[in-house]
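Just below is one structure, and these are the notes that go with it.
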There are 2 protein chains.
Amino acid sequence: MTTTGPARDTALHADADRPSRREQILQAAAQLFAERGSRAVGVDDVGAAVGVTGPAIYRHFAGKDAMLAEMLLRISERLLAGGSERVAAAGADPAAQLRALIAFQVEFALENPALITVHDRDLVSLADADAAQVRRLQRRYVEVWVAVLARLHPAADAAACRVRAHAIFGLINSTPHSAGQLDRAATAALLAGMAEAAARAW
Amino acid sequence: MTTTGPARDTALHADADRPSRREQILQAAAQLFAERGSRAVGVDDVGAAVGVTGPAIYRHFAGKDAMLAEMLLRISERLLAGGSERVAAAGADPAAQLRALIAFQVEFALENPALITVHDRDLVSLADADAAQVRRLQRRYVEVWVAVLARLHPAADAAACRVRAHAIFGLINSTPHSAGQLDRAATAALLAGMAEAAARAW
DNA sequence: CCGGAGAGTGAACGATGGTTAACCTGCAGC
DNA sequence: GCTGCAGGTTAACCATCGTTCACTCTCCGG
């Protein structure tokens, strides 16, 4: 197993638009973690996926856990930031806000099935402090949804809205399980329709 | 083929209503696997959870993988059998069949959150042959749903129904994420309502 | 009373895999 | 040209953990 040509080129004349080695590692790791689970993936595997040996990882990350922690933190941050942003941009109508949130989540899930998979499968593999941080971010994202759902269901209490939000996440985040069944646009439309129906039910 | 009858060996012990040691182990393992992930749980942990040492497990299972394999196979079998049964008992009306399937899945998910969690998180930790067997059962269960959904949406093709089925599973199987928010009955009603709305959307 | 099977124990073995150490290399900038 | 740092490499270290082994101990059937 020797290094192939292209990996060398990027190291030589650091192309600005080409992702850095660090980003390559994170992306490759996400893919592998999603396929086999983080604990079943060795540092050597991640290295091999980007054309280096295992210990080279330690030039870019403090360790395997740090890699996973950064991965999950980034996902949670992207979701929270993106969700908040879309709601703010959707005006004051809760129905429009809901549609914006759904569109965002569907888009994210279809664009990053590996991240979605790792996000909830490997949270338990995190050190306590990191897991707590990720959960804090997740909770805030959930509350963004809950705020919108609460305005759509004035009679429902927050707990019910939370259950509802998690259910919608589960619905939309099912994409890794149904990959390759339909083309992207059709899947997006179907999931968005289902999510909206589920959000409004009762 | 180590699948023996349910509680046959309880006859050996005086108190027959207590589950056999083998069943205790499976149940404790399911709980631990759900909490930390199967690869993070040691044989010693499972043993300790039922009051024995690690190696004692080997009196009841060929190994750790065999334990996980039996766990996942049982879940898949229970789902397939239960789903098929409920559909058959629901008569010819596809709407009634759908309600029966939803009620069954909701009931199962609320009754066995740990099994639901392990079922889709630790499938990747299985040996190839076992994983293939589990996936075969899962596929058959999905097809039970697809058959019902296809009759509700005559214009939709099988692929769309499959996406729909996975989305509904995701919705209902979100229970481990929203545990403790509402009481069981309220959660069941909410999820069933959302699932039905999602199933009928468009 | 006796012997065998089932169940459990503590100790040891071996593989796996994360991490570290020591060493190499090639461009950057005085 | 020297020097330094960024990034890689190989080899070794070490902890963890699944698994096996050689024993007990305790029922129970004959």
Side-chain angles (χ1 to χ4, degrees), chain A residues 1-16 18-26 28-29 32-33 35-71 122 124-127 130, chain B residues 2 4-5 7-16 18-26 28-29 32-33 36-71 122 124-127 130:
Chain A
M1 186 62 76
T2 52
T3 28
T4 52
R8 250 195 123 182
D9 266 3
T10 54
L12 287 180
H13 43 72
D15 258 350
R18 199 83 156 234
S20 72
R21 176 51 53 89
R22 196 183 145 87
E23 293 305 317
Q24 288 179 39
I25 291 173
L26 267 182
L32 289 173
F33 287 0
E35 285 165 10
R36 304 181 224 160
S38 69
R39 306 202 54 132
V41 174
V43 173
D44 290 349
D45 299 325
V46 176
V50 297
V52 299
T53 61
I57 303 286
Y58 290 82
R59 297 290 168 194
H60 305 278
F61 296 93
K64 199 186 158 188
D65 333 10
M67 220 169 57
L68 181 62
E70 180 165 341
M71 195 181 302
D122 289 301
V124 290
S125 304
L126 240 49
D130 295 320
Chain B
T2 51
T4 60
R8 190 136 308 185
D9 43 358
T10 52
L12 292 175
H13 295 293
D15 14 6
R18 196 152 64 200
S20 74
R21 178 49 57 86
R22 197 181 145 88
E23 294 304 317
Q24 289 179 38
I25 291 173
L26 266 182
L32 289 173
F33 288 0
R36 303 182 224 159
S38 69
R39 306 202 54 132
V41 174
V43 175
D44 290 348
D45 300 324
V46 177
V50 297
V52 299
T53 61
I57 303 285
Y58 291 81
R59 297 290 168 196
H60 304 278
F61 296 93
K64 198 186 159 187
D65 333 9
M67 220 169 57
L68 181 62
E70 180 166 340
M71 195 181 303
D122 290 301
V124 290
S125 304
L126 241 48
D130 294 320

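Reminder, nothing fancy here: chain letters follow the sequence lines and each chain counts from 1. The figures that follow rest on heavy atoms only: side chains count, while hydrogens, waters and symmetry mates do not.
- Nearest-nucleotide assignment on DNA chain D puts the 5′-proximal partner with A/Ile25, out of B/Gly42 and A/Ile25.
- A/Asp130 contributes atom CG, which lies 12.0 Å from atom OG of A/Ser125 (distance to the nearest 0.5 angstrom).
- No engagement by B/Val50 is indicated, since no non-hydrogen atom pair under 4.0 Å with the nucleic acid exists.
- Between A/Asp45 atom CG and C/dT19 atom P there is a gap of 14 Å when expressed in whole angstrom units.
- Applying the salt bridge (charged side-chain N to carboxylate O under 4.0 Å, His left out) test to every pair with at least one member in residues 43-57 of chain A, sequence neighbours left out, gives these pairs: A/Arg36-A/Asp45.
- To the nearest 0.5 Å, atoms CG (A/Asp65) and CG (A/Leu126) are separated by 8.0 Å.
- Listed here is the closest heavy atom pair of B/Gln24 and B/Pro19: NE2-O, 3.2 Å.
- The distance between atom CZ of A/Arg39 and atom C1' of D/dA15, rounded to the nearest whole Å, is 13 Å.
- Residue B/His60 places at least one side-chain N or O under 4.0 Å from the OP1 or OP2 atom of C/dG8.
- Between A/Phe33 and A/Asp122, the shortest heavy-atom contact is O-OD2, 4.1 Å.
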Which atom pairs link the protein and nucleotides 19-23 of chain D when you take only N or O atoms and keep those under 3.5 Å?
from   : atom 1 : to      : atom 2 : distance (Å)
D/dT19 : OP2    : B/Tyr58 : OH     : 2.4
D/dT19 : OP2    : B/Lys64 : N      : 2.9
D/dT19 : O5'    : B/Tyr58 : OH     : 3.0

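- Here the P atom of nucleotide D/dC27 and the CZ atom of B/Arg21 are 14 Å apart, to the nearest Å.
- Taking five base pairs at each end of the helix from C/dC1-D/dG30 to C/dC30-D/dG1 and finding the rotation axis that steps the C1' atoms of four pairs onto the next four gives two axes whose angle is 0°, to the nearest 10°.
- In this structure, B/Val41 reaches the sugar-phosphate backbone alone: every heavy-atom distance under 4.0 Å involves primed, P, OP1 or OP2 atoms, never a base.
- Across the protein-nucleic acid pair, A/Ile57 atom CD1 and C/dT19 atom P stand 11 Å apart, rounded to whole Å.
- Closest non-hydrogen pair, A/Val41 versus A/Lys64, comes out as O-NZ, 2.9 Å.
- At least one side-chain nitrogen or oxygen of A/Thr53 sits closer than 4.0 Å to the OP1 or OP2 atom of D/dT9.
- Atom C1' of nucleotide C/dT20 and atom CZ of A/Phe61 are separated by 19 Å, given to the nearest angstrom.
- Nearest heavy-atom pair across A/Ala49 and A/Leu32 is CB-CD1, 4.0 Å.
- For the atom pair CG of A/Leu26 and CZ of A/Arg21, the computed distance is 12.5 Å after rounding to the nearest 0.5 Å.
- Of the inter-residue distances, the one linking A/Ile25 atom CD1 with A/Arg59 atom CZ reads 12.0 Å to the nearest 0.5 angstrom.
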